[in-house]
Enquirer: 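One structure is given below, represented as structure tokens, and several questions about it will come after.
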Amino acid sequence: MTNSYPADARLRVFASASSWIEGAAVRQLEQTLQRRGVLAVAAMPDLHPGHKGPVGCAVLTDGVVHPDIVGTDIGCGMTLWRLGGLLRRLKVDKAVRALERLGDRGGLDPAEAVAAGVAADVAARHAAALGTVGGGNHFVELQAVDRIIDAAACADAGVEPGALLLLVHSGSRALGPEVLARHPHVHGEGLPLEEGGAAYLADHDAAVRFARLNRAVLAERAAELLGLDGAPWLDVPHNHVTVEDGRALHRKGAAQADLGLVPVPGSRGALTYLVRPDPDAPGALRSIAHGAGRKRDRASLHGKRDGGERPNPVGNRVICADARLAREEAPEAYKDIGQVIADLDAHGLARPVAALRPLVTFKTGRA
DNA sequence: ATGTTC
């Protein structure tokens with residue numbers, strides 16, 4: 001059973017027949033193609049329905065900027081840090097107790113945020129959010145290199161089995177929604193660069209930098225709590241818009257593919273894959289999948305019919321004091337990351353380099 | 001996604 005995708009030469013779908021994509025997401029793709037100025041759309045194997053359009057796609061326009069494609073979480077993405085530690089020396093219980101404290105401290109002071117490059121007015125309103133995970137699918141996760149898949153690429157990158165890593169998924173917190181609200185636009189019409197698009201981009205770019213800084217503060221704090229040396233390695237946004245040669249490239253839940261290696265996480269009970277994208281893959285708009293993608297909407301995961309808690313498929317410890325969030329983010333809410341990676345590989349978008357195993361996941365310490 | 005959210 002396969003979906004029938006819109007017959008439109010501008011659309012490329014990088015998913016195999018065995019990757020289930022909801023009909024609602026396909027209908028949203030049709031609407032995306034009707035937005036003003038759309039030249040090309042690349043849909044990834046983790047495509048799923050979103051608020052104002054599908055999550056898991058890249059959209060190139062002739063210069064019209066569509067803020068509601070990027071949505072509220074401007075700059076959201078993944079940061080991967082190397083940790084100076086080895087799996088065989090790790091005490092998992094101790095790591096759990098350490099990461100439980102990630103929610104204890106507040107964010108930065110405005111002065112610290114300004115020193116880190118945040119504009120004074122933004123710092124005044126949002127510094128306290130720097131170093132906070134947020135909700136939804138965001139997390140901080142201690143991982144270990146589980147399996148080398150591409151030995152040469154791993155040797156190049158210094159990736160060795162049993163090495164500890166820190167993966168952070170977060171965004172611009174309340175700054176993103178503020179920026180979106182500050183630039184009103186008609187759905188589907190968007191903002192031409194000279195008619196509000198450039199002004200949106202300036203605020204948007206600040207939110208992208210803010211989100212990256214937030215991930216760095218989170219990683220630094222997590223490494224400190226774990227008592228391990230931490231070194232920044234990769235930072236890859238998957239929710240943003242870039243303008244080049246007068247064209248606007250939007251990514252909505254699609255990872256940037258021209259920054260080197262990319263961590264592609266599964267659910268919070270699955271492996272993460274480190275992949276090497278081909279930034280020139282035809283039709284992919286310099287993008288790849290950003291994760292497993294939701295299989296079930298949040299609402300359907302509540303209620304008695306769901307059958308309650310299941311064991312974590314890969315045995316990582318998940319710190320999440322919010323039971324409702326834990327249900328919405330349960331592993332069974334997500335697609336199979338192995339299939340997503342297989343689809344990326346089969347379509348020439350990315351090659352797997354290593355599999356990373358989650359050990360301890362921090363979602364939220366707040367009850 | 002959201003100093004969210006009935």
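Every chain is numbered from 1, with letters handed out A, B, ... down the list of sequences.
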Enquirer: Hey, does A:L226 have a side-chain heavy atom less than 4.5 Å from the side chain of A:L164?
Expert: no
Enquirer: NA contact type, A:R125, heavy-atom cut-off 4.0 Å: base, sugar-phosphate, or nothing?
Expert: nothing
Enquirer: List the atom pairs, donor and acceptor, that lie under 3.5 Å between side-chain atoms in residues 44-52 of chain A and the rest of the protein, sequence neighbours left out.
Expert:
| residue | atom | partner | partner atom | Å |
| --- | --- | --- | --- | --- |
| A:D46 | OD2 | A:H290 | N | 3.0 |
| A:D46 | OD2 | A:H290 | ND1 | 2.6 |
| A:D46 | OD2 | A:G291 | N | 3.3 |

Enquirer: Compare side-chain N and O positions of A:R173 against OP1 and OP2 of B:dA1 and report whether any pair is under 4.0 Å apart.
Expert: no
Enquirer: Round to a whole Å and report the spacing from CZ of A:R298 to P of B:dA1.
Expert: 5 Å
Enquirer: How many whole angstroms separate atom CD of A:E328 from atom P of B:dT2?
Expert: 12 Å
Enquirer: Quick check: do A:F362 and A:E141 have side-chain heavy atoms less than 4.5 Å from each other?
Expert: no
Enquirer: Is A:H138 touching bases, backbone alone, or none of the nucleic acid, heavy atoms closer than 4.0 Å?
Expert: sugar-phosphate
Enquirer: Please work out if A:G136 contacts a base, only the sugar-phosphate, or nothing of the nucleic acid, heavy-atom cut-off 4.0 Å.
Expert: sugar-phosphate
Enquirer: Grab the CG-P distance between A:N214 and B:dG3 for me, whole Å please.
Expert: 11 Å
Enquirer: For A:D322 and B:dT5, what is the distance between atoms CG and C1' respectively, to the nearest whole Å?
Expert: 11 Å
Enquirer: Whole Å only: how far is the CD1 atom of A:I69 from the P atom of B:dA1?
Expert: 18 Å
Enquirer: Which pairs would a plain distance check flag for residues 342-353 of chain A, meaning a side-chain donor or acceptor within less than 3.5 Å of a matching protein atom at least two apart in sequence or in another chain?
Expert:
| residue | atom | partner | partner atom | Å |
| --- | --- | --- | --- | --- |
| A:D343 | OD1 | A:S16 | OG | 2.8 |
| A:D343 | OD1 | A:Q339 | NE2 | 2.9 |
| A:D343 | OD2 | A:S16 | N | 3.0 |
| A:D343 | OD2 | A:S16 | OG | 3.4 |
| A:D343 | OD2 | A:S19 | OG | 2.4 |
| A:D345 | OD1 | A:R351 | NE | 3.0 |
| A:H347 | ND1 | A:D343 | O | 2.8 |

Enquirer: OP1 or OP2 of B:dA1 sitting under 4.0 Å from any side-chain N/O of A:N239?
Expert: no
Enquirer: A:H240 NE2 to B:dA1 P: how many Å, rounded?
Expert: 16 Å
Enquirer: Just how far, in rounded Å, is P of B:dT2 from NE2 of A:H126?
Expert: 13 Å
Enquirer: Starting from P on B:dA1, measure out to CG on A:D68 and report it in whole angstrom.
Expert: 17 Å
